[in-house]
Q: 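Pasting in a structure now, in structure tokens, and then I'll have a few things to ask.
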Amino acid sequence: MPFPDPRYLVAFHPKRVMHFFTDVLVIGGGLAGLRAALAVDPKLSSLVVTKDGLNESNSAKAQGGIAGVLAPDDRFEDHVADTLQAGGQLCDEAVVERVVREGPERIRELIQWGTQFDRKGDRLALGREGGHGRERIVHALGDATGKEVMRAVVARVEASPHVDVWRDTYTIDLVTFEGTCRGALLWNHRYGLSVVWAKQTILATGGAGQLYRETTNPDVATGDGVAIAYRAGAELRDLEFVQFHPTVLYIAGSSRSLISEATRGEGARLVDRHGRRFMPDYDSRAELAPRDVVSNAIVAEMERTQHPNVYLDLTHLDAELVRTRFPGIAAICAEFDLDITRDRIPVRPGAHYMMGGVTIDLDGRTTVPSLWAAGEVTASGLHGANRLASNSLLEALVYGMHAGEGASRAAAEVDDSFTAPGVDNAEVESVGEPLNLDDIRNSLKSLLWRNAAVRRNAEGLSEAIENLRHWCRYVLARQFSDPTGWELQNMLCVARLMISAAADREESRGAHVRTDFPDRDDRQWAHHVTFVRSPRNPEYGCNCGKAK
Ligand code: SIN
């Protein structure tokens, strides 16, 4: 049987589905998507589609904050240098410069739109996080920055008559005609299958933390955007670089809640099961080293002490400061009888952020004409091999705006006689027994956690590739009729690419740590691993290339 490599996940024929038209279609309702929609010229129409509500995204759950050069004695050069240092020589300097220099303007714009950042007297209160040489993180509601930022941005979207929002709408695939993106095939309870034809489309679907058993990400983060861009022919890159947040609450029965890095910025310490502080043994920046260093050290300590977690200790800090700065974390821990001012918090790393994704240029264009992208779904060149803390909401704001403006300008140039091209996709005959999709999904998450998490090696990665190939053979050969099946197909697609990139990169760099190749190898590996779908090579489903 040939390896299944469907261009579209479901059968559709233009005569048998509902049709809608918009100038700019934005796929994804997190910060990048909404900022993009707000950048579209109000004379044009724009439609945001999101598979859940507007409060279910990594943006809305963000605790730490947004990094920006806002203190009078901070310097753009220093924020740029910290970002490049964390990125392990794979950042694009022009991108880093642009994002860092535009950051303060985007943050001030959020304030104008009503975001209430925390203040110290009449100034913004600035926090510190790992890898930053100084305090430069604006935050809100203590440790619920994303909630407050999204409140203000959603209110702005709701007050913008030219922006329509479809919630609970799943994007199955991008529709392309002669290589150009013409919109997307969608599904929701209201219309069933429908095609939204768009003059320009922006992908802002976020990350893929749900590929791992241990993750800080919400249920919606299943990598859909990366998979649909791949099927549409877009170039992907850097997929081997997955950031593991060092401190995820680890209590049996609790959700794996993030314990913000801002706690360490305020002086929290990491200790082993015996109460011994260990980070100074690993890095002179101790708890404020970049996340790859801290996650790796935690895994080493878990192995050394034969204990399933380490502990985050805030008990030496001023109790009042801890309660007011971290009210959300205090409340989550209190549900499990932990008083964070007196008890140590059990933590261990979890999948947090995808540095890799859809390749974009400085303005947010992908390699597919008329398709743009912004935020975590992209590999913009800002993060390289490891993202600096609190640079992600910053990227969402800057690239959301540029992708929105670029798509808006391009849409204005497409005339209205634009008609729906004839595309269709044949139905696949249903084969064999019904599948237990939850079982495959859980097995996939456990496999990636065991074989491709903080530390990887050739043996574990090749076992993962074999399993994935096997699952893909029977899951991708079918057509499903609801999001559970489509999500699993997307997760398998992204996992396969991620693992093959990780197996390919025989060195350690940033968040990609190979125990069998522990050193960084700039001579052979100071470049990106890229993928483009190739129907001629469906088993691997990609051309694996190298790009500077
Ligand atoms: C955190 O609060 O630790 C997460 C912030 C981020 O991922 O940048």
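Counting starts at 1 for both ligands and their atoms, following the listed order.
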Q: For E261, take its heavy atoms, then give the atoms of ligand 1 lying under 4.0 Å from any of them.
A: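 Those qualifying, in numeric order: 1 (C), 2 (O), 3 (O).
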Q: Relative to ligand 1, is R291 under 4.0 angstrom through side chain, backbone, both or neither, heavy atoms considered?
A: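 For R291, only side-chain atoms sit under 4.0 Å from ligand 1.
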Q: Students should be able to answer this: which protein heavy-atom is nearest to atom 8 (O) of ligand 1, and at what distance?
A: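 The closest heavy atom on the protein side is S390 N, 2.6 Å.
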Q: Hey, is R108 close enough to E105 for a salt bridge, meaning N to O under 4.0 Å?
A: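 Salt bridge between R108 and E105, a charged N being under 4.0 Å from a carboxylate O: no.
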Q: Checking a contact table here: which protein heavy atom is nearest atom 2 (O) of ligand 1, and how many Å away?
A: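 Result: S260 OG, 2.7 Å.
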Q: Kindly confirm or rule out an N or O of N391 lying under 3.5 angstrom from an N or O of ligand 1.
A: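 N/O-N/O distance below 3.5 Å does not exist for this pair.
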Q: Should H245 be counted as touching ligand 1, given the test is an N or O pair under 3.5 Å?
A: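 Yes, since at least one N or O of H245 sits under 3.5 Å from an N or O of ligand 1.
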Q: Per the salt bridge (Lys or Arg N to Asp or Glu O under 4.0 Å) rule, which among R264, R277, R269 passes with E287?
A: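 That would be R277.
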Q: With ring centroids as reference points, do H383 and F241 lie under 6.0 angstrom apart?
A: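 Distance test on ring centres: not under 6.0 Å, no.
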Q: Any N or O of E129 that comes nearer than 3.5 Å to an N or O of ligand 1?
A: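 Such a contact does not occur with ligand 1.
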Q: For R387 and S392, which heavy atoms make the closest approach, and how far apart are they?
A: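 Scanning both residues, the minimum pair turns out to be NH1-OG, 3.3 Å.
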Q: Look at the side chain of R348 and the backbone N and O of M302, then say whether any donor-acceptor pair between them is shorter than 3.5 Å.
A: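 Between the backbone of M302 and the side chain of R348 there is no qualifying donor-acceptor contact (under 3.5 Å).
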Q: I'd like to check whether S392 has a polar contact with ligand 1, where a contact means an N/O of the residue lying under 3.5 Å from an N/O of the ligand.
A: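 No; the residue has no nitrogen or oxygen that sits under 3.5 Å from a nitrogen or oxygen of the ligand.
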Q: Test salt bridge (Lys or Arg N to Asp or Glu O under 4.0 Å) on D118 and R325 and set out the steps.
A: CA-CA 9 Å; D118 297 332; R325 180 76 173 83; 5.1 Å; no
Q: Show me which atoms of ligand 1 lie under 4.0 Å from any heavy atom of H352.
A: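 Near H352, the atoms of ligand 1 are 4 (C), 6 (C), 7 (O).
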Q: Go through the steps for H139 and Q63 under the test side chain to side chain donor-acceptor pair (under 3.5 Å), then give the verdict.
A: CA-CA 8 Å; H139 47 84; Q63 294 185 2; over 6 Å; no
Q: Checking the N or O distance criterion of under 3.5 Å, is ligand 1 in contact with G64?
A: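 N/O-N/O distance under 3.5 Å: yes.
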